[in-house]
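The block underneath contains the structure these notes are about, expressed in structure tokens.
In what follows, chains are A, B, ... by sequence order, proteins preceding strands, each numbered from 1. Scope of the values below: all heavy atoms of this structure, side chains included, with no hydrogens, waters or symmetry mates.
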Amino acid sequence: MPTVELSFTPLPAHVRTARLIASTVGRRVGLDESLVDEVRLAVGEACARAVGVQRSGGQADDVVVAFSDDDGMFTVTVHDWAGAGSEVEMPDLVEATEDLDEAFHPGFGLAVVSGLVDDVEVTSGEPGTVVRMRWPLSSSVSS
Amino acid sequence: MPTVELSFTPLPAHVRTARLIASTVGRRVGLDESLVDEVRLAVGEACARAVGVQRSGGQADDVVVAFSDDDGMFTVTVHDWAGAGSEVEMPDLVEATEDLDEAFHPGFGLAVVSGLVDDVEVTSGEPGTVVRMRWPLSSSVSS
Amino acid sequence: MDLSLETRTEGDRTVVVVGGEIDVYTAPKLREQLIDLVSSGAYHLVVDMESVDFLDSTGLGVLVGGLKRVRAHEGSLRLVCTQERILKIFRITGLTKVFPIHATVDEAVSATD
Amino acid sequence: MDLSLETRTEGDRTVVVVGGEIDVYTAPKLREQLIDLVSSGAYHLVVDMESVDFLDSTGLGVLVGGLKRVRAHEGSLRLVCTQERILKIFRITGLTKVFPIHATVDEAVSATD
Ligand SMILES: Nc1ncnc2c1ncn2[C@@H]1O[C@H](COP(=O)(O)OP(=O)(O)O)[C@@H](O)[C@H]1O
Ligand SMILES: Nc1ncnc2c1ncn2[C@@H]1O[C@H](COP(=O)(O)OP(=O)(O)O)[C@@H](O)[C@H]1O
């Protein structure tokens with residue numbers, strides 16, 4: 001069961017709120033301070049991607065972010081409802097650069113996530129994509 | 001439709017997260033800076049109350065806080081699932097003081113809420129209590 | 001921010017300097033501190049709230065509980081607070097009529113009314 | 001924190017000093033700035049990122065877009081950054097191979113490679 005769950009309409013401003021909550025909840029469950037930055041960035045990327053695919057698909061449902069700590073792990077999942085087919089490949093960014101525009105590119109953020117986070121799992125299908133990230137907790141301060 | 005919705009297991013630590021989100025989301029939708037403190041306190045009180053009644057009733061479902069801005073108003077609702085009968089009276093605190101213990105007292109927080117917030121509505125019933133608070137927005141920065 | 005607590009003695013008064021946030025999460029710590037003091041015979045308390053950033057009703061409840069405890073021993077519990085945002089919460093709840101509130105620790109320590 | 005942008009000219013280079021957070025919310029502002037500069041004929045850009053607190057992939061995308069635009073005019077886009085947390089994001093994405101990254105604005109302004 002998630003400890004904290006956040007859902008928000010797919011707007012860029014709310015991605016900042018999600019980031020802020022990621023670092024706050026992470027700290028609260030005892031995440032090592034050296035990982036807080038990584039969590040903040042990774043959750044932000046996953047949420048920005050979810051907001052992006054839903055907006056480009058005209059899908060207004062709330063993006064859902066769930067935070068939980070179980071068995072000494074801090075788990076964050078980000079769900080979009082953009083359906084199967086919202087791209088989830090992680091491009092080789094160095095190769096891709098020549099073609100890359102500043103236009104929204106959902107794979108770009110996922111590449112950052114997978115580069116940052118050791119334990120990440122991306123599942124695509126109906127009703128959309130789930131990005132699950134996990135980090136070890138050094139201590140369990142509170143839950 | 002709520003702009004941002006937060007749900008959390010009924011634990012005191014999460015009340016702090018809810019407060020932090022209340023001020024962040026409030027600022028983001030253009031809440032006047034002079035009201036941010038009031039919103040933070042009021043949302044904290046309503047959440048602390050919800051956590052309290054659920055814990056004393058052994059009800060482990062997530063407390064739900066929804067934030068939205070519509071028609072120039074910032075609306076926050078806090079839902080608990082403690083069922084009808086979770087006290088919602090707002091006691092006259094000055095009268096009550098002699099009997100008051102530091103033990104949890106759900107009406108205490110609501111008294112603070114109703115003292116702080118001009119536009120507040122408390123609805124009790126099944127599956128629980130809903131505290132709805134509203135504040136005027138001076139400007140609509142983003143939504 | 002978390003709660004910080006410091007205690008010192010001034011004559012027959014015990015001054016508790018509180019900093020940070022007194023809320024549903026940290027209030028149990030303050031309650032313990034007040035209970036410990038009363039158990040150890042400190043019945044005249046001055047709670048300095050000048051460094052408190054945030055106070056909610058759980059915090060108020062703990063202060064009221066402390067007042068009840070010291071009164072059971074003919075004691076006193078005085079507050080030091082000049083912060084408008086904190087004072088407002090005492091006013092809203094009518095607790096300004098229950099707690100003597102002072103502008104400085106010196107004033108609170110020497111008060112006898 | 002929001003994004004801050006300041007622009008100045010040093011010889012044939014235009015220095016853009018960026019502060020705050022470059023993310024999905026603020027990146028459009030930076031993109032506009034870069035587009036405006038290129039439209040007004042500034043093709044040799046130095047983006048000073050020393051005051052950037054946060055950078056996400058949307059920000060990277062905008063920088064890559066800027067690079068493409070100046071290259072279309074035989075121009076350059078150099079970055080100034082020594083912050084490890086920011087550099088890490090360029091490394092992860094392989095963009096250290098795409099952007100010349102300098103330790104100081106002076107170094108970037110005088111670079112000709
Ligand atoms: N993503 C975030 N990370 C850290 N702090 C944040 C974040 N979002 C908001 N805040 C906090 O909320 C405050 C209000 O944000 P604000 O200045 O309104 O942002 P913006 O100007 O982009 O709307 C900021 O001072 C900051 O402390
Ligand atoms: N309710 C809140 N209001 C403002 N900031 C908060 C709140 N909760 C957490 N934070 C921020 O999160 C950071 C981490 O909190 P933390 O020190 O872990 O709290 P605690 O010690 O009570 O667990 C704090 O430094 C603070 O900036």
Side-chain angles (χ1 to χ4, degrees), chain B residues 8 10-20 22-23 33-56 63 90-118 120 131, chain C residues 1-3 16 18 20-39 45 47 49 52-72 77 79 83-101:
Chain B
F8 54 87
L11 290 169
H14 297 320
V15 173
R16 307 193 115 193
T17 306
R19 283 210 307 268
L20 182 61
S23 37
E33 194 58 32
S34 63
L35 287 175
V36 170
D37 234 48
E38 180 175 314
V39 167
R40 194 162 82 102
L41 179 58
V43 171
E45 293 291 356
C47 290
R49 183 201 156 278
V51 166
V53 292
Q54 291 210 185
R55 284 169 79 84
S56 54
V63 172
M90 305 185 192
D92 181 337
L93 290 172
V94 190
E95 295 301 315
T97 302
E98 289 307 309
D99 295 324
L100 207 71
D101 209 330
E102 72 278 355
F104 173 71
H105 185 302
F108 209 91
L110 278 186
V112 173
V113 170
S114 65
L116 273 178
V117 186
D118 293 332
V120 56
V131 179
Chain C
M1 201 185 315
D2 219 341
L3 185 75
V16 184
V18 188
E21 307 196 339
I22 315 182
D23 69 354
V24 62
Y25 183 59
T26 58
K29 218 166 125 181
L30 177 60
R31 179 171 53 220
E32 266 173 54
Q33 173 72 277
L34 296 180
I35 292 175
D36 283 356
L37 286 172
V38 174
S39 310
L45 305 180
V47 179
M49 322 249 307
V52 170
D53 304 312
F54 185 87
L55 174 73
D56 75 3
S57 64
T58 326
L60 291 178
V62 168
L63 292 172
V64 171
L67 183 62
K68 289 186 61 180
R69 283 203 169 73
V70 294
R71 275 191 185 162
L77 192 160
L79 303 177
Q83 295 188 76
E84 189 43 44
R85 55 201 285 197
I86 305 288
L87 288 172
K88 188 178 179 183
I89 301 164
F90 284 96
R91 264 200 306 273
I92 284 173
T93 51
L95 292 175
T96 41
K97 294 173 200 150
V98 175
F99 289 103
I101 301 183

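- In plain terms, the two heavy atoms of Ile92(C) and Gly115(B) that are nearest each other are CG2-CA, 3.7 Å.
- Smallest separation of non-hydrogen atoms from Asp53(C) and Arg40(B): O-NH2, 4.2 Å.
- In plain terms, the two heavy atoms of Leu41(B) and Leu55(C) that are nearest each other are CD1-O, 3.4 Å.
- Arg16(B) CZ to Asp56(C) CG: the interatomic distance, rounded to the nearest 0.5 Å, is 9.5 Å.
- Annotation for Gly109(B) and Ser57(C): closest pair CA-OG, 3.4 Å, computed over non-hydrogen atoms.
- Atom CD of residue Glu45(B) and atom CG of residue Asp23(C) lie 9.5 Å apart, to the nearest 0.5 angstrom.
- A cation-pi contact, defined as under 6.0 Å to the ring centre and within 45° of the axis, links Arg19(B) to Phe54(C).
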